[in-house]
Amino acid sequence: MRRTAVRLLLAVLVALATCLAGPPAHAAVPDSPAVTYTNPIAEKRADPHIFKHTDGYYYFTATVPEYDRIVLRRATTLQGLRSAPETTIWTKHASGVMGAHIWAPEIHFIDGKWYVYFAAGATDDVWAIRMYVLEGTGANPLTAAWTEKGQIRTQWESFSLDATTFVVNGVRYLAWAQRDPSVNNNTDIYLARMANPWTITGTPVMLSRPTYSWETVGYKVNEGPAVIQRGGKVFMTYSASATDSNYCLGMLTASASANLLSQASWSKSPTPVFAGSAATSQYGPGHNSFTVSEDGKSDILVYHDRSYKDISGDPLNDPNRRTRVQKVYWNADGTPNFGIPVADGVTPQRFSSYNVPDRFVRHYDYRARIEANVAKLADSQFRVVPGLAGSGTVSLESANFPGYYLRHKNFEVWLEKNDGSAQFASDAAFHRRAGLADPAGVSYESYNYPGRYVRHWEYLLNVQAVSTATDRADATFYSQ
């Protein structure tokens, strides 16, 4: 009798503690939910620039392999750009300046008008590359009236290209790449204020010069600046080295409140922030721009690369650079994490824990777990693909180990290579369900063990039956 009373008292105390504690802690629905695209977006289009306008359209321009014209596409979705009709808005001059090497156009909307920045050589000197501007009047730039505003004049009459413009704290800047005639290299990155959309003002400042080994393979190059801002910081990516498989992205960082026209305000990442990946068969990623997802909640990296490493002859004569997109993720310290150029096909997602908000599903030594601050981003990215077992299932394929899938083994979840067996297919197939603890999330039910779900236990992933609120919380994830 006494033992029964003690057990009853303990049960009451546990119930009371549960009530006082309230519901289990959990994350809010992510501010930046998952977005997926299918790459490539455009074949034979290099130096891509995508601008999302207030009219609901994405506008896309890029270098064509003939180097002879400027083209535009538009669509209401990023994926729609792949099949959108293309319009030529300007063609190179038959003679003289702007008559050769029409490169790297960018489209911007400034003070009610459209502007396209591009580089061009001359018919009598194709390497006399300079920066030029077109101005377009009209709501739709594909049908706008375009006029030439002429060359952007800088401190030197030298090789210059890749102009881009951005605004920080109400001040409009131009960034570009140019050769300093007094230095034995190819191009540096420069910055100046703008007096109007086709004229710089004041003395330009050199922000970055190719000095690291990864910036000087084949050529000593810093080019293709692109800017993204977040959390009071200005991040300027740029491309480095030759335009073959060695091409990669570096990054400069400054405080938005600093004097951006002082080189001292900028810090340079000592290693590339985005480089080729043999695992995903993506080589020479670079000359990027940034845009946003259709819902405006995710930042999107736009870039070109090739699907093979070895190039015969001059890379500039190889037409097969493709336009690609993938989501930008943000580290806990506020810096962007671009990961690796993902494999062709559907782009991967990340999965954060419902009840341990800062932890993401990742593989480590091939064991699946949840972990915070995953610096090696691709370890925490998975492609949701048609299930290996069929029957309306899905499988989760590793972003950096294509052909490897999350599968359960002795009810533990591991990342393993598909061996083609029926057993593997069954173990790596799941039914995607609405989140057991929050229908805005997602839960994954085992295909061959119905009623068992992927859930974390002491931060390791297992496939287990769920019955309690804690079980359901552990088995719920948010796609990001």
- Query: Hey, are Lys297 and Asp31 close enough for a salt bridge, meaning a charged N less than 4.0 Å from a carboxylate O?
  - Reply: no

- Keeping to residues at least two apart or across chains, list the salt bridge (charged side-chain N to carboxylate O under 4.0 Å, His left out) pairs with something in residues 333-347. Arg322-Asp344, Arg324-Asp344

- Item | Pairs touching residues 33-46 that satisfy salt bridge (charged side-chain N to carboxylate O under 4.0 Å, His left out), sequence neighbours left out | Arg45-Glu86

All salt bridge (Lys or Arg N to Asp or Glu O under 4.0 Å) counterparts of [X], not counting sequence neighbours:
X      : answer
Lys309 : none
Glu397 : Arg383
Asp318 : Arg306
Glu458 : none

- For Gln229, side chain to side chain donor-acceptor pair (under 3.5 Å) partners two or more places apart: none

- Message: For a quick check under 3.5 Å, do Asn448 and Ser426 share a side-chain donor-acceptor pair by atom type?
- Response: no

- Qualifying ring pair (Phe, Tyr, Trp, His ring centres under 6.0 Å) pairs, either residue in residues 263-290, two or more places apart: Phe274-Tyr303

Set of residues satisfying side-chain contact (heavy atoms from CB on, under 4.5 Å) with respect to [X], sequence neighbours excluded:
X      : value
Asp419 : Ser421, Phe424
Thr211 : Arg209, Glu215, Lys268
Lys409 : Arg407, Trp414, Glu416
Val394 : Val384, Arg432, Tyr444

